[in-house]
Number of protein chains: 2
Amino acid sequence: MAKIPAEAVERLHSQGYKLTKPRQAILAWFFAEQTMITAQELYRALVQRKAGVGLTSVYRNLEVLVEVGLLRQVCFHDGCQRFELVQPGEHQHHLICSGCGRVIKFSGCPLAKLERDLETTTGFTVDRHSLQIFGRCRQCQEESTLGNRSI
Amino acid sequence: MAKIPAEAVERLHSQGYKLTKPRQAILAWFFAEQTMITAQELYRALVQRKAGVGLTSVYRNLEVLVEVGLLRQVCFHDGCQRFELVQPGEHQHHLICSGCGRVIKFSGCPLAKLERDLETTTGFTVDRHSLQIFGRCRQCQEESTLGNRSI
DNA sequence: ACCTAACTGAAAGTCATTTTCAGTTAGGTT
DNA sequence: AACCTAACTGAAAATGACTTTCAGTTAGGT
Ligand SMILES: [Mn+2]
Ligand SMILES: [Mn+2]
Ligand SMILES: [Zn+2]
Ligand SMILES: [Zn+2]
C-alpha cells in the first residue's frame, strides 16, 4: 500500500487518531489522484482497488480527515459534497463548468480586504469562506444560454 | 391570503406557469418574511399557517420559482439547501455564524475583476458565483470563552 | 360553460448519509 | 512479547431529504 507522508500521520496521531487500514487507503487515494471526489465515488474507487474498506468507514474517515485539516469539503451548487486534499499553504478556489463539470483551480482570491471590513462593521470573527465560480468552458459554450444570476 | 406583486405573477404567467394556491402561499411567505429557509422548514411553516400545502408541492414549486428567477438557491457549507427571494438588481452574499446560524447579508462583492481575468486566461464564460463567509458572531464568541456548557 | 395542460397531495420509491452494535486493531504500557 | 483498551471496524438497520407516480383537481384561456 502507498506510503503516506509522515506529516499527515503525525497530524492524525497528535489528535488522538490512529492510522488504520481504511484511513491509509483513503489518504493514499487522495495523494495519488490529487483531485476532488464524493464519498460514494471514493467508496466505489476503493472497492475497485480491493482496498477492503466499508462505506461507513469512508464517510466516517472523510469527516475525521476534514477535522484534522488534511482534507477540505466543497459544496457544489447542486448540493453534492466533494472532498479534496488541502495542500500546505494553498489558498485556492474552483471555476466549474455547468455543462460538463470540468473544474479549474485558481488562486489569487481578492477577499482578504472584504473580510477585514466585515469584521469591523459586524463584530464577527471570520474564519473561512466558500467561493466557487460557475460558467461554461469553451467546449460547452455553444450548447445553451443560461441566465446571469449570482449568489 | 397575502397579495403577490403583479410583477411576480406576470413572471410566472409569461413562462406558462399558473398562480396556484401552493405557489401563492409559498411566495406570500417569502414576501412576508424576507429571509432564507429550507424546503422542510418552509413546509412546516406553511402547515402552521394552515396553508394546506403538501410537501411535494413545496419542493416542486421552489424549483419552479428558482427557474423563473423569483427565488435563488444557496448551498450552505454543511450541504443544506436554502432558498430566498431575489431582490431586483441586488447582488448580495452572506456572512454566516457557525455557532448559531445567524445570517448577515452584505454587498460590495469584489469579484468582478477576478472573473474578467479568469475569462481571458481560461476561455470560460462566467455567469455566476457562489460566495459565503463563515465566522462567529459576537454572542457566539463570548460563549466560547465561557468554557464548556452543560447539555 | 367548457376545455385541457398545468397542477395537486398521498403514497411509494430512491438514495446519500447516520446510527447501532458486536467484534477487531493500533499502538502505547508493562 | 504479551497485554490493555480506547479507537476503530463493517454489516445491517434507521434516518431523512428529496423524487416519482398517479388518479383526481384547477387555473385560466376560448
Ligand atoms: Mn478565497
Ligand atoms: Mn458576488
Ligand atoms: Zn464544459
Ligand atoms: Zn452566532
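Everything quoted here is computed from the prediction, not taken from an experiment.
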Please say whether more than 12 non-hydrogen atoms of neighbouring residues, nucleotides or ligands are located less than 6.0 Å from [atom1] in [X].
{"X": "A:Gln48", "atom1": "CD", "result": "no"}
{"X": "A:Arg138", "atom1": "CZ", "result": "no"}
{"X": "B:Glu63", "atom1": "CD", "result": "no"}

Whole angstrom value for the distance that separates [atom2] of [N] from [atom1] of [X]:
{"X": "B:Glu67", "N": "C:dA6", "atom1": "CD", "atom2": "P", "answer": "12 Å"}
{"X": "A:Tyr43", "N": "C:dC15", "atom1": "OH", "atom2": "P", "answer": "16 Å"}
{"X": "A:Leu62", "N": "C:dT18", "atom1": "CG", "atom2": "P", "answer": "10 Å"}
{"X": "A:Gln15", "N": "D:dA6", "atom1": "CD", "atom2": "C1'", "answer": "17 Å"}
{"X": "A:Phe83", "N": "C:dA16", "atom1": "CZ", "atom2": "P", "answer": "14 Å"}
{"X": "B:Glu63", "N": "C:dA6", "atom1": "CD", "atom2": "P", "answer": "15 Å"}
{"X": "A:Leu46", "N": "D:dT9", "atom1": "CG", "atom2": "C1'", "answer": "15 Å"}
{"X": "A:Glu41", "N": "C:dA16", "atom1": "CD", "atom2": "C1'", "answer": "12 Å"}

Identify whether any heavy atom of A:Leu19 sits under 4.0 Å from a base atom; if not, whether one sits that close to sugar-phosphate; answer base, sugar-phosphate or nothing.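 Answer is sugar-phosphate: A:Leu19 comes under 4.0 Å of backbone atoms only.
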
What's A:Thr20 touching, base or sugar-phosphate or nothing? Going by heavy atoms closer than 4.0 Å.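 The residue A:Thr20 makes sugar-phosphate contact but no base contact.
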
[X] side chain: which of [options] is closest?
{"X": "A:Thr56", "options": "C:dT19, C:dA10, C:dT17", "value": "C:dT19"}
{"X": "B:Gln40", "options": "C:dT20, D:dA17, C:dA16", "value": "D:dA17"}
{"X": "A:Lys18", "options": "D:dA6, D:dT21, C:dT17", "value": "D:dA6"}
{"X": "A:Arg60", "options": "C:dT18, D:dG28, C:dT20", "value": "C:dT20"}

Residue met sooner reading DNA chain D from 5', once B:Thr38 and A:Pro22 are mapped to nucleotides: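 Residue closer to the 5' terminus by nearest nucleotide: A:Pro22.
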
Start at the 5' end of DNA chain D and walk down; is the nucleotide closest to A:Gly54 or to B:Leu55 reached first?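 Counting from the 5' end, the first nearest nucleotide belongs to A:Gly54.
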
Short side-chain N/O contact to C:dT18 OP1/OP2 from A:Tyr59, under 4.0 Å: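 No, outside the criterion.
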
Would a hydrophobic clustering, with Ile, Leu, Val, Met, Phe, Trp and Tyr connected at side-chain separations under 4.5 Å, put B:Phe134 with A:Leu71?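 B:Phe134 does not cluster with A:Leu71.
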
For D:dT19, the Watson-Crick or wobble partner whose two distances fall under 3.5 Å: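 Its partner is C:dA12 (Watson-Crick or G-U wobble, both distances under 3.5 Å).
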
Who is the Watson-Crick or G-U wobble partner of C:dG27, with both distances under 3.5 Å?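 Its partner is D:dC4.
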
So among A:His94, A:Gln92, A:Gln73, which one has a side-chain hydrogen bond (donor to acceptor under 3.5 Å, both in side chains) with A:Glu84?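 So, applying the side-chain hydrogen bond (donor to acceptor under 3.5 Å, both in side chains) to A:Glu84 and each of A:His94, A:Gln92, A:Gln73, only A:His94 qualifies.
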
